[in-house]
Amino acid sequence: MIPAWSYSSIKTFEQCPKKYYHLKIVKDVKDADSTATIYGKELHKASEDYIKEDTPIPQKFSFIAPTLEALKRIEGTKHCEIKLGVAKRDGKFTPCDFFAKDVWWRGIADLLIINEEKQQAYLVDYKTSKNAKYADTKQLDLLAGAVFTHFPKVMEIKSALLFVVSNEMVKKDHEHIMRSSYMNIMEPELIRLEAAMKNDVWNANAGPLCKFCPVSTCAHNRKG
């Protein structure tokens, strides 16, 4: 049985099974923050503080102010950095606590706006990469499936990956009737992960990201 997973953990497995093994199975290494990840965390925090508490946006993030103001004007209850857990009980997707013992999937929505009166929600994930060239809406599918699971009155979701640096928005609409399909969007990847666990085979994939990898014992590691 695979451990509780997220979109990012499955992407790590796809990038390199060996890296996934050390980070998620034996947990003998940790990914250190880089300049890019620190920047991303700071931007997420600034956005959260502005949406929730009207905290002034730091000058270095002033370029996102118009977008955040537009999001803030959307009617509905706003949830920032909301943690969502989904369990599979008797074959059905069920809402659960983020740290529940039987949690199957975990995800965090950067901004979720729920308008139960209109049976509608808005889902936004902030991205700080340079552009939307490698945008993957599967992340939105998973989050949408979880929102439908936790908020059954919501019938439709307008989702977007918001690339704040390049001012690009990759949009996708989601419907309640498709909620199970959204939660199953990574099934092929999960099947490969289950096979790796069953056979205890964690082959390394060599690539340009090896020089940033925390698994120093790997033959492909080129740090320094």
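Only a predicted model underlies this, so the values are computations on that prediction, with no experimental measurement involved. Sequence positions, counted from 1, serve as the residue numbers for this chain.
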Is the closest side-chain donor-acceptor distance between K127 and Q139 under 3.5 Å? yes
Worksheet item: Side chains of D102 and W104: do they bring a donor and an acceptor to under 3.5 Å?
Response: no
Would you say [X] and [Y] make side-chain contact, with heavy atoms under 4.5 Å?
X	Y	result
D33	K41	yes
V154	F148	yes
L190	I2	yes
F163	N131	no
Q120	K158	yes

State whether the side chain of [X] and the backbone N or O of [Y] hold a donor-acceptor pair below 3.5 Å, judged by distance alone.
X	Y	value
D141	I185	no
N221	C213	yes
N184	E187	no

Co-membership, hydrophobic cluster, residues [X] and [Y], 4.5 Å side-chain:
X	Y	value
L71	L143	no
Y122	M178	no
V201	I191	no

Counterpart residues, salt bridge (charged side-chain N to carboxylate O under 4.0 Å, His left out), relative to [X] (two or more places apart):
X	value
E168	none
K11	E14, D136
K138	E189

From the list V103, T149, V86, L84, side chain to side chain contact (heavy atoms under 4.5 Å, CB included) partner of C96 resolves to V103
Q.
Between Y39 and F61, does the ring pair (Phe, Tyr, Trp, His ring centres under 6.0 Å) criterion hold? Intermediate values first, please.
A. CA-CA 10 Å; Y39 179 85; F61 299 130; 5.3 Å; yes
